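Before any comments, here is the structure.
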Amino acid sequence: MLGRKQLLIGGEWRDASDGRVMPVVNPATEEIIAEVAAATPADVDAAVAAARKAFTGPWSQLSARERGRLVWNLGEKLRENIDEISRLETLHNGKPITESRHIEIPAAADCLQYFAGWADKIHGDTLPVKGQALVYTLREPIGVVAAIVPWNFPLLLAVWKVAPALAMGNTVILKPASQTPLTALALGQLAIDAGFPPGVLNIITGSGGTVGQAIVEHPGIDKIAFTGDTSTGKGIMRTAAETLKHVTLELGGKSPNIVFPDADLDAAVRGATIGIFYGKGEVCAAGSRLLVDKSIKDEFLSKLADRTKKMVAGDPLNPKTRLGAVSSKAQLERVLSYVATARKEGASLLAGGDRTDIGTGKGYFMQPTVFADVTPAMTIAREEIFGPVLAAIDFADVDEAIARANDSIYGLAAGIWTRDVKKAHYVASKLQAGTVWVNTYNLYDTAAPFGGYKQSGFGREMSRYALDYYTQVKTVWVDLSN
Ligand code: NAP
């Protein structure tokens, strides 16, 4: 048991105002591993007051370079504690330790240090207006930013928001998902250790329905940066409209991964499996719709099924494990219900399809699953499953591949597998997706923007594009006539 964790408000750790707590479960063992405070709307009020006080007080008095140095220091603290934080990430989420330790927590540290570098490099312009006037712009922070994040990449998705928000001079209230609050709380302690003034980063744990809702309604919060389900995002946008908050939404996906017959098929098989089974398929950009040219379908799917059958779930803390535990009982049940629906609607099961066990009799493990003969109208071709389930759909030619790829309410990401350079660029230009990968899948870098088209949301995270969503522009006119 990792003990009882408190809220971080105004630089101090404290219990929820009514003393209530909620359990955190390790999905690989089904054991309660910690208790965290279940915050109340009164705690949200306190966090907003602390964030506002810091925003107008000590935080605003630091130079941009000093601010950047603190954000850099936070990245350093994360690197110094990388083993412990990676372990926590795996314990509360069930993801393989190799993903936490070698990909996601290092990426979070990179993200902090990338945005630290921007702190003193973002500035306004002087403008050539008509008449005799000096006109210039200032890039100013928005104010108090609330970051609300899901459970699939608990720390990384938090840092995608916290890093640019702090670097641009905002103060932050971070609400992690109830299932996975531990690494956000650890980040709070690292911010104290890195020397941030009290109230610059506040961490509030508690349920989305109460504390999340209180955050979105709060008139003292200026911006909501949200990652999560599309339906939650729509509700947040409606509620935030009441106080006209700035909103950025990173939402769901049903991303197509398109294999043309001229592709390196072995590489495409590897790419298809990484595209859907990395992170147990609990990845917003997962390549969950595999579009395969009819002429190679049988050969390709047979190779894919063989590779999938070799993947077995294992103890997430074992460095050799590549497929961890589904992150909760509810999520496992949801994934299994999609498998049942796919069978009922006539899809052919090529691999997996069931819950599995790693020899402990405990944990929410799922076999990696592939369905063939999926039609675009089937439920598993349309809805986000958020689990290790791949739906293979065929196509006859390039135009049909593009039409089928774009036949979704979502537009987060897409993959293209071909050796034909012209075709790759043509198809990339036609896909309605915020990110397109050619002959690869699931690559990210803090210098490259990420975000959605259509109902996958709006706004961009990472890269210099993200800076626009954490600043506002002030225009200053100075009369120079006579
Ligand atoms: P979710 O249910 O929408 O929850 C996300 C966060 O919102 C959690 O912190 C949740 O708190 C909170 N929340 C729930 N209801 C709320 C409300 N009414 N007001 C304010 N906050 C509220 O999503 P999820 O099931 O955790 O995450 C999976 C989804 O995230 C998938 O759809 C996935 O595609 C999407 N996702 C998108 C991206 C991207 O970058 N586009 C990245 C990763 C994931 P509780 O945990 O307490 O419920």
Side-chain angles (χ1 to χ4, degrees), residues 22-25 36-39 41 44 92-93 95 104 107 111 146-161 173-184 203-218 221 224-240 242 245 247-255 278-288 326-328 330-331 334-335 383-387 408-413 433-435 442 444 448-462 466 469:
M22 52 189 199
V24 181
V25 173
V36 297
V44 174
H92 65 181
N93 170 279
K95 64 176 69 235
E104 295 162 26
C111 181
I148 302 178
V149 294
W151 41 258
N152 57 335
F153 295 91
L155 188 69
L156 185 57
L157 295 179
V159 165
W160 282 5
K161 299 162 181 59
I173 299 169
L174 168 61
K175 192 208 99 59
S178 298
Q179 275 169 238
T180 54
L182 300 177
T183 43
I203 319 283
I204 293 280
T205 50
S207 93
T210 53
V211 76
Q213 188 71 19
I215 285 172
V216 180
E217 287 172 3
H218 205 293
I221 292 175
I224 305 288
F226 173 76
T227 297
D229 197 66
T230 292
S231 63
T232 315
K234 289 178 183 176
I236 284 177
M237 203 168 157
R238 275 192 290 270
T239 307
E242 284 302 314
K245 290 180 174 61
V247 176
T248 40
L249 301 174
E250 300 289 349
L251 306 174
K254 191 75 195 172
S255 299
Y278 183 91
K280 313 155 264 166
E282 295 163 349
V283 178
C284 49
S288 53
V326 172
S327 50
S328 68
Q331 190 61 16
R334 184 181 137 96
V335 174
E383 295 184 14
E384 182 177 46
I385 300 174
F386 225 52
S408 171
I409 60 166
Y410 298 111
L412 195 53
T435 296
N442 263 343
Y444 303 86
F450 182 75
Y453 277 29
K454 302 198 279 188
Q455 292 191 34
S456 291
F458 50 81
R460 287 293 175 272
E461 299 203 285
M462 303 192 286
Y469 300 100

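It should be emphasised that the depicted structure is a prediction, and the values quoted were computed from it without experimental measurement. For the numbers below, each heavy atom of this structure counts, side chains included, while hydrogens, waters and symmetry mates do not. Each ligand, and each atom within it, is numbered from 1 in the order the structure gives.
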Checking a contact table here: which protein heavy atom is nearest [atom], and how many Å away?
atom                    : answer
atom 27 (O) of ligand 1 : P150 CB, 3.2 Å
atom 39 (C) of ligand 1 : C284 SG, 3.1 Å
atom 28 (C) of ligand 1 : F386 CE2, 3.4 Å
atom 20 (C) of ligand 1 : G212 C, 3.3 Å
atom 47 (O) of ligand 1 : S178 OG, 2.4 Å
atom 35 (C) of ligand 1 : G228 O, 3.2 Å

Can you list the ligand 1 atoms lying under 4.0 Å from a non-hydrogen atom of [X]?
X    : result
F450 : 40 (O)
G206 : 47 (O)
T227 : 5 (C), 36 (N), 37 (C), 38 (C), 39 (C), 40 (O), 42 (C), 43 (C), 44 (C)
L157 : 42 (C), 43 (C)
L412 : 41 (N)

N or O pair under 3.5 Å between [X] and ligand 1:
X    : answer
D229 : yes
V149 : yes
E384 : yes
G208 : yes
W151 : yes
Q213 : yes
K175 : yes
L251 : yes

When you measure from the heavy atoms of [X] to every atom of ligand 1, does any distance fall below 4.0 Å?
X    : value
G451 : no
S207 : yes
W160 : no
P176 : yes

Find the distance between [atom1] ([X]) and [atom2] ([Y]) and round it off to the nearest 0.5 Å.
X    : Y    : atom1 : atom2 : answer
Q331 : I385 : CD    : CD1   : 10.0 Å
S327 : Q179 : OG    : CD    : 5.0 Å
T230 : E383 : OG1   : CD    : 11.5 Å
I236 : E217 : CD1   : CD    : 11.0 Å

[Y] backbone acceptor or donor facing [X] side chain under 3.5 Å:
X    : Y    : result
T232 : G228 : no
K254 : S408 : no
K245 : H218 : yes
T180 : N93  : no
K175 : G206 : yes

| Are E250 and R460 ion-paired here, with the side-chain N under 4.0 Å from a carboxylate O? |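 Salt bridge absent between E250 and R460.
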Have a look at ligand 1 and work out which part of [X], if any, has a heavy atom under 4.0 Å from it: side chain, backbone, both or neither.
X    : result
F153 : neither
I148 : side chain
A285 : neither

| task | Run the numbers on T227 and I148 for side-chain contact (heavy atoms from CB on, under 4.5 Å), then give the verdict. | result | CA-CA 6 Å; T227 297; I148 302 178; over 6 Å; no
| message | Check for me whether K161 meets the cation-pi criterion with F226, that is, NZ or CZ under 6.0 Å from the six-membered ring centre and within 45 degrees of the ring axis. | response |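 Here K161 fails the 6.0 Å and 45° test against F226.
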| request: Could you tell me whether atom 4 (O) of ligand 1 has a protein heavy atom closer than 4.0 Å? | output: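 Within 4.0 Å: no protein heavy atom nearby.
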| task | Look at the aromatic rings of W151 and F386 and report parallel, tilted or perpendicular, splitting at 30° and 60°. | result |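 Plane angle over 60°, so perpendicular.
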| message | Using side-chain heavy atoms (C-beta onward) and a distance below 4.5 Å, is Y444 in contact with C111? | response |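 No, every pair of side-chain atoms sits at 4.5 Å or beyond.
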| query | Nearest non-hydrogen atom to atom 1 (P) of ligand 1 belongs to which of N152, T232, V216? | reply |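 Heavy atom nearest to atom 1 (P) of ligand 1 belongs to T232.
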| request: Answer yes if the ring centres of F153 and W160 are under 6.0 angstrom apart, and no otherwise. | output: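 So the answer is no for these two rings.
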| field | Flag for S288-E384: side-chain donor and acceptor within less than 3.5 Å | value |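 Result is no, nothing qualifies.
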